[in-house]
Amino acid sequence: MDLTAPKRDLLLHPRNLHMNTLGIYIVQFDRAGYGESDPNPKRSLRSEASDIEELADHLELGSKFYIIGFSMGCYPTWSCIKHLSHRLAGVAFVVPIVSTNGNLSRNL
């Protein structure tokens, strides 16, 4: 799997009929420096959580929204749990790549 591939090539392709009926929207973005996104050497997990919150606000997703972390996207998802927990209606991890040494929460 190409970890630099745009997310639209990797993740979810649910049936539009079901999505429209249920009023569900899936928004995917490329982390800074990955896919079609410009590099940002100053990015951090905190700044990625802020980017996600800003995107949710810009798209008017509401006061609470769900987030799904896929592969390396689980790192900013963890950061959202820490920094945006008041905005999250739910969280899921798909094929998470996370630290196994137990120090992840201290490094966010």
Side-chain angles (χ1 to χ4, degrees):
M1 177 189 314
D2 180 4
L3 293 178
T4 62
K7 297 295 181 265
R8 68 177 177 274
D9 296 339
L10 294 176
L11 195 54
L12 303 170
H13 299 286
R15 297 183 185 271
N16 285 336
L17 175 64
H18 299 300
M19 301 296 285
N20 292 336
T21 301
L22 296 172
I24 296 172
Y25 303 92
I26 294 180
V27 179
Q28 298 169 278
F29 75 101
D30 291 325
R31 295 173 64 201
Y34 292 88
E36 296 179 19
S37 182
D38 294 330
N40 178 3
K42 294 182 180 180
R43 79 177 165 92
S44 66
L45 289 172
R46 173 67 187 227
S47 70
E48 287 184 338
S50 295
D51 289 346
I52 291 168
E53 182 173 36
E54 185 177 325
L55 180 61
D57 290 342
H58 178 77
L59 296 174
E60 299 178 354
L61 297 181
S63 62
K64 292 197 176 260
F65 53 91
Y66 293 87
I67 187 167
I68 300 171
F70 177 78
S71 188
M72 291 297 288
C74 290
Y75 280 105
T77 302
W78 274 112
S79 186
C80 287
I81 291 171
K82 181 174 183 176
H83 301 291
L84 304 178
S85 61
H86 63 287
R87 296 287 310 272
L88 301 178
V91 176
F93 295 95
V94 179
V95 193
I97 298 177
V98 296
S99 172
T100 58
N101 66 11
N103 292 325
L104 179 62
S105 62
R106 286 180 282 210
N107 295 328
L108 292 175

Results of side-chain contact (heavy atoms from CB on, under 4.5 Å) for Ala92 - residues two or more places apart only: Ile68
Residues Leu84 and Ala49: closest non-hydrogen pair is CD1-O, 3.3 Å
Minimum heavy-atom separation for Ser85 and Lys64, please, with both atom names. O-NZ, 4.4 Å
Glu54 CD to Leu59 CG distance, which is reported to the nearest 0.5 Å: 10.5 Å
Checking the side chain of Ser79 only, and the main-chain atoms of Tyr75 only, is there a donor and an acceptor separated by less than 3.5 Å? no
Residues which pass side-chain contact (heavy atoms from CB on, under 4.5 Å) with Ser47, listed by chain and number, not counting sequence neighbours: Arg43, Ser44
Check: Leu55 and Phe65 side chains under 4.5 Å, non-hydrogen atoms: no
To the closest 0.5 Å, what do you measure between CG (Leu45) and CZ (Arg31)? 7.0 Å
For His86, does the NE2 atom sit with more than 12 other heavy atoms under 6.0 Å from it, leaving out its own atoms? yes
Asp57: partners by side-chain hydrogen bond (donor to acceptor under 3.5 Å, both in side chains), with sequence neighbours left out: Arg87
Considering all heavy atoms of both residues, which atom of Pro76 and which atom of Ile52 are nearest to each other, and what is their separation? CB-CD1, 4.3 Å
Residues which pass side-chain contact (heavy atoms from CB on, under 4.5 Å) with Ile81, listed by chain and number, not counting sequence neighbours: Trp78, Leu88, Val91, Phe93
